[in-house]
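Both ligands and their constituent atoms are indexed starting at 1 by order of listing. All residue numbers in this chain count up from 1 along the given sequence.
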Amino acid sequence: MKNTGIIMDNRYLEHKAAFHHPENPQRLEAIYKGIKENEIFEKLLLIEPRIADKEEIALIHDYQYIDEIESYAGSQKMLDADTYLSERSPEIARLAAGGLLNLVDAVISGRITNGFALIRPPGHHAEKDRAMGFCIYNNIAIGARYAMARYCLERIAIIDWDLHHGNGTQNAFYADPGVLYFSIHQYPHYPGTGAFSEIGTGKGEGFNINIPLSSGHGDADYCLIFDEIISPVCREFQPQLIMVSAGFDIYFMDPLGGMQVTEKGFGAITSKIISIADDLCAGNLICVLEGGYNLEGLAQGTIEVLNKMVTGEKKIEISERGISSDLPEIIKKVKQSHKGYWKCF
Ligand SMILES: [Zn+2]
């Protein structure tokens, strides 16, 4: 049995558009309801979030940008074509980042082995000086920088399985060999970045690994990507902490995505990550909610992930759909792009 924490707080529902928007409070309501009605709930440790202070947000973002966001408190505003701010959003965005920071504290201090920050707004598209793609502050990037700054961690692996490329996270660590970033995403698709050739720069060259996929990939494909790329590279990198941008928009019913992952698939890839974490970093793993716009997929996906986090169960059960015909070539291209940097390739 693991010791698993979650961040859950109704204040995250206060970030809401005045019009219909796919990134809405119902997403978290569905997750909170789903886990509360499931037997998993009594096995989880609830961890209080806090409002991250400006200095913590500034680990990733420019002060000028933070001040701009703060100045919109009490009003509604579109920050780009997709990203809204409502009256309380500046505070709630800081509460999202601060929830993750408290989870980092709980994991690093040993209070819990692993945890899932069930927070919003999401973060992985946010750039240092601008909001983007429903994201205001880049929660996972702030969390990783905080773990490095506060606890002197030198190597963190971030695995981003959200449907969309995490451009903000990639850019935050593009020249940083201390953060190994993997992104599996639909490509070409929003936000347009995430090609094989984006491998990092300077000292960070080789530490940014994109796995761009056409649509239609399912459980077996994601499992093979872990076996062929993520697991061997992580074993070479030896992270002290693994963080996951968990997006449930790769679910087969998701209205914004074109992937075919089932709830079993979310459990399977979590098992694979737990195997890596158990072998390399005492099981320390932090998942952060990103996208996911089908309410059933969000709730069931989260339950599957938490089940594996709590039990540590490694048995892989996936849908019967096999490996997509184009995946071997994609894996080959990822290995070719990175063979100068990783011995396993
Ligand atoms: Zn997404």
Side-chain angles (χ1 to χ4, degrees), residues 12 15 17 20-28 30-31 79-84 93 96-97 100 116-127 130-143 158-172 181-195 198 208-219 221-222 225 243-263 265-266 269-270 273 287-302 304-305:
Y12 293 125
H15 169 64
H20 177 74
H21 193 284
E23 205 295 284
N24 55 47
Q26 288 76 48
R27 301 177 58 238
L28 263 192
I31 292 176
L79 298 169
D80 75 354
D82 311 305
T83 315
Y84 62 86
L100 180 57
F116 200 156
L118 299 168
I119 59 177
R120 58 183 287 280
H124 73 155
H125 295 304
E127 296 281 2
R130 71 196 157 98
M132 192 174 151
F134 317 163
C135 304
I136 298 169
Y137 296 135
N138 195 321
N139 304 313
I140 198 164
I142 294 166
I158 297 180
I159 301 168
D160 186 334
W161 79 49
D162 186 276
L163 178 89
H164 304 95
H165 179 240
N167 56 287
T169 313
Q170 169 171 299
N171 287 334
Y181 178 63
F182 299 95
S183 179
I184 313 171
H185 47 270
Q186 190 168 322
Y187 184 90
H189 197 55
Y190 185 88
T193 49
E198 296 162 23
N208 192 86
I209 304 187
N210 283 317
I211 302 135
L213 303 177
S214 56
S215 62
H217 290 80
D219 298 355
D221 296 314
Y222 279 78
I225 290 165
M243 301 180 78
V244 173
S245 268
F248 294 97
D249 39 10
I250 56 174
Y251 186 61
F252 71 105
M253 297 278 281
D254 194 274
L256 300 194
M259 292 304 176
Q260 295 292 326
V261 175
T262 68
E263 47 271 35
F266 291 116
I269 55 179
T270 306
I273 295 171
C287 295
V288 186
L289 182 66
E290 299 283 0
Y293 306 96
N294 173 279
L295 300 183
E296 184 72 13
L298 281 162
Q300 290 309 312
T302 302
E304 288 294 327
V305 170

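Taking the six-membered ring where tryptophan is involved, the planes of His21 and Tyr84 are perpendicular, since the angle between them exceeds 60° and thus also 30°.
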(request) Under the side-chain contact (heavy atoms from CB on, under 4.5 Å) rule, what do Thr193 and Asn210 come out as? Steps first, then yes or no, please. (result) CA-CA 9 Å; Thr193 49; Asn210 283 317; over 6 Å; no
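Side-chain contact check for Ile140 versus Tyr181: every heavy-atom pair is 4.5 Å or farther apart.
Residue-level check: among N/O/S atoms of Asp249, OD2 sits closest to the Zn ion (ligand 1).
Residue side and main chain included, His164 places an N/O/S atom under 2.8 Å of the Zn ion (ligand 1). Using a cut-off of 2.8 Å, one finds that Asp162 contributes an N/O/S atom close to the Zn ion (ligand 1).
Here the two rings, on Tyr190 and Phe134, have centers that are 6.0 Å apart or farther.
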